[in-house]
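Heads up, the thing below is written out as C-alpha cells.
Because the structure is a prediction, the values reported are computed rather than measured. The analysis underlying the following values was restricted to heavy atoms, covering all of them including side chains, and did not include hydrogens, waters or symmetry mates.
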Amino acid sequence: MAAAPLLGTQERGVFFTHLWEAAESAGHSGEGGVLLHRQALYLTSYDQNPQASTRTAEALHDRRGVLAARGWTPRWAEARSTATALARLGDPQPLLDFIERSTVDDDAAEAANLNYWAYWLGALAEPQANDGFMRDRDLSGWEPVALMRSLVNGLHQAPGYVELYVHSLWALLTAHRWLPLALPDLAARLAKRTEQLLGDSRISSRSQRELSAVHYVLGENRT
C-alpha cells in the first residue's frame, strides 16, 4: 500500500502546472498574495521535471536578497522557504548560509525555527492564518515530544537537509533537556545516528559542535 497519494505522469504535470500558475498569480497580488506565493513557489521545488526545476530555481534566485538579512526579520519565513527550496534543487549553500546568519545566536529566530517546524510537522495542531505564531519565544503552542519524534525521523530521511535538522534538534534539546527521558528508544536511535554524523567530514564545524552537544545531552539523560 502506498504511503502517500500517487499521481501518473500526466496528472503530476497538470498539478505542478496549476501550482506554478498559482505562485505566479499570487506574486502579482500585492501583500494579500505574499503567503500563497511563498508557499506555492516552495512546493514547486518538488517538481522533478528538469525544465520546471530550472524555472523554479530562477524564480527562487530572484528572491535571494531576502537571504542577506541577519536574525529575525518580517521576511524570515520567506528566506527559510527560499533556502530550503534551493537546497532541494541541488544548491545547498543558501541553506547553510541561512542557518548561520538567520538562526544562530538570535533568540527570536531560534524560536521561529522551532515554531515553524512544529507547524510544518504537525506538532502544532491549530491552523495559523499568518506568520505571527513564529514569534512565540515561550515555545508554548506545540508538543515537544511530537516535534522531536518528527525531527529524528526526518534526520534519517533527508540527507540534503542534515545541517538544518541537526541545528533544530540541538535547539530543541537545549530548550527541553528532558526529552531523551520521555523517548528512550528514539533517543538511542538518535545517539547512534549522531555518532555516525560526527565521523562525517562533510558536516560543517558548527554542526559538529552541535552534534557533540546533542550527544552529551543524550548521554546525560539516558535511562
Check whether any side-chain N or O of His37 sits under 3.5 Å from a backbone N or O of Ala26 as a donor-acceptor pair, and report yes or no. no

Is there a donor-acceptor pair closer than 3.5 Å between any side-chain N or O of Thr44 and the backbone N or O of Leu41? yes

Could you pull out the closest heavy-atom pair between Asp107 and Arg137, with the gap in Å? CB-NH1, 4.0 Å

Asp91 side chain to Ala87 main-chain N or O, any donor-acceptor pair under 3.5 Å? no

In terms of side-chain geometry, is the basic nitrogen of Arg206 or Glu163 positioned less than 4.0 Å from the acidic oxygen of its partner? yes

Linking I/L/V/M/F/W/Y whenever their side-chain heavy atoms sit closer than 4.5 Å, directly or via other members, would Tyr42 and Leu36 fall into one cluster? no

Count the heavy atoms belonging to other residues, nucleotides or ligands that lie under 6.0 Å from CG of Asp62, then report whether that count exceeds 12. yes

Look at the side-chain heavy atoms of Ile, Leu, Val, Met, Phe, Trp and Tyr, link any pair under 4.5 Å apart, and say whether Trp142 and Leu121 land in one connected group. yes

Please step through side chain to side chain contact (heavy atoms under 4.5 Å, CB included) for the pair Leu173 and Trp170, ending with a clear verdict. CA-CA 5 Å; Leu173 288 169; Trp170 168 82; over 6 Å; no

Output, in order, the C-alpha distance, side-chain angles, deciding distance and verdict of side-chain hydrogen bond (donor to acceptor under 3.5 Å, both in side chains) for Gln93 and Asp97. CA-CA 6 Å; Gln93 192 59 48; Asp97 293 341; 2.9 Å; yes

Distance-only side-chain donor-acceptor flag, Asn49 / Arg55, under 3.5 Å: no

Verify, without hydrogens or angle tests, whether Asn115 (side chain) and Met134 (backbone) share a donor-acceptor contact under 3.5 angstrom. yes

Shared ILVMFWY cluster between Leu96 and Leu169, side chains joined below 4.5 angstrom? no

For residues Thr174 and Arg177, report the shortest heavy-atom separation together with the two atoms involved. O-CG, 4.0 Å

Residues Thr103, Arg80; criterion side chain to side chain contact (heavy atoms under 4.5 Å, CB included); working and verdict: CA-CA 10 Å; Thr103 60; Arg80 188 187 192 280; over 6 Å; no

Taking all atoms of both residues into account, what is the closest heavy-atom pair of Asp136 and Ala111, and its distance? O-CB, 3.9 Å

Salt-bridge contact Arg38-Asp131 (side-chain N to carboxylate O under 4.0 Å): yes

Within the side chain of Glu78, is there an N or O that forms a donor-acceptor pair under 3.5 Å with the backbone of Val34? no

Side-chain heavy atoms under 4.5 angstrom apart, residues restricted to Ile, Leu, Val, Met, Phe, Trp, Tyr: same cluster for Leu124 and Leu147? yes

To the nearest 0.5 Å, atom CZ of Arg209 lies from atom OG of Ser204 at 7.5 Å

Students often mix this up, so state it plainly: with edges at 30° and 60°, are the rings of Trp120 and Tyr116 parallel, tilted or perpendicular? parallel

Ala146: which residues meet the side chain to side chain contact (heavy atoms under 4.5 Å, CB included) condition with it, sequence neighbours left out? Ala123, Glu143

How long is the gap from CG on Leu181 to CG on Leu218, to the nearest 0.5 Å? 10.0 Å

So which heavy atom on Pro94 is nearest to which on Leu67, and how close? CB-CD1, 3.8 Å

Taking the ring centre of each residue, are Trp76 and Phe98 less than 6.0 Å apart? yes

Leu151 CG to Leu190 CG distance, which is reported to the nearest 0.5 Å: 9.5 Å

Donor-acceptor pair, Arg70 side chain versus Arg101 backbone, under 3.5 Å? no

Can you tell me if Ser102 uses its side chain to pair, donor with acceptor, with the backbone of Ala79 under 3.5 Å? no

Would you compute the distance between atom CG of Leu197 and atom OG of Ser212 and round it to the nearest 0.5 angstrom? 11.0 Å

Donor-acceptor check, side chain of Gln128 to backbone of Glu126, threshold 3.5 angstrom: yes or no? yes

Under 4.0 Å between a side-chain nitrogen and a carboxylate oxygen: does that hold for Lys192 and Glu195? no

Atom pair CD1 (Ile99) and CD (Glu210), whose distance is rounded to the nearest 0.5 Å: 8.0 Å

Ser168 side-chain N/O to Leu164 backbone N/O, donor-acceptor pair under 3.5 Å: yes

Determine, step by step, whether Val145 and Arg149 satisfy the side chain to side chain contact (heavy atoms under 4.5 Å, CB included) criterion, reporting the C-alpha distance in whole Å, the side-chain angles of both residues, the deciding distance to 0.1 Å, and the verdict. CA-CA 6 Å; Val145 168; Arg149 185 177 290 111; 3.8 Å; yes

So if you build clusters from Ile, Leu, Val, Met, Phe, Trp, Tyr with side-chain heavy-atom gaps below 4.5 Å, do Leu7 and Leu43 land together? yes

Side chains of Pro180 and Glu220, heavy atoms from C-beta outward: is any pair under 4.5 Å? no

Whether Tyr165 and Trp117 hold their rings parallel, tilted or perpendicular, with breakpoints at 30° and 60°: tilted

Between CD1 on residue Ile203 and CD on residue Gln196, distance to nearest 0.5 Å: 11.5 Å

Between the main-chain N or O of Ala22 and the side-chain N or O of Ser25, is there a donor-acceptor pair closer than 3.5 Å? no

Crowding at CD, Gln10 (>12 non-hydrogen neighbours, <6.0 Å): no

Pair Ser53-Asp47, side chain to side chain contact (heavy atoms under 4.5 Å, CB included): steps then yes or no: CA-CA 6 Å; Ser53 295; Asp47 190 349; 5.5 Å; no

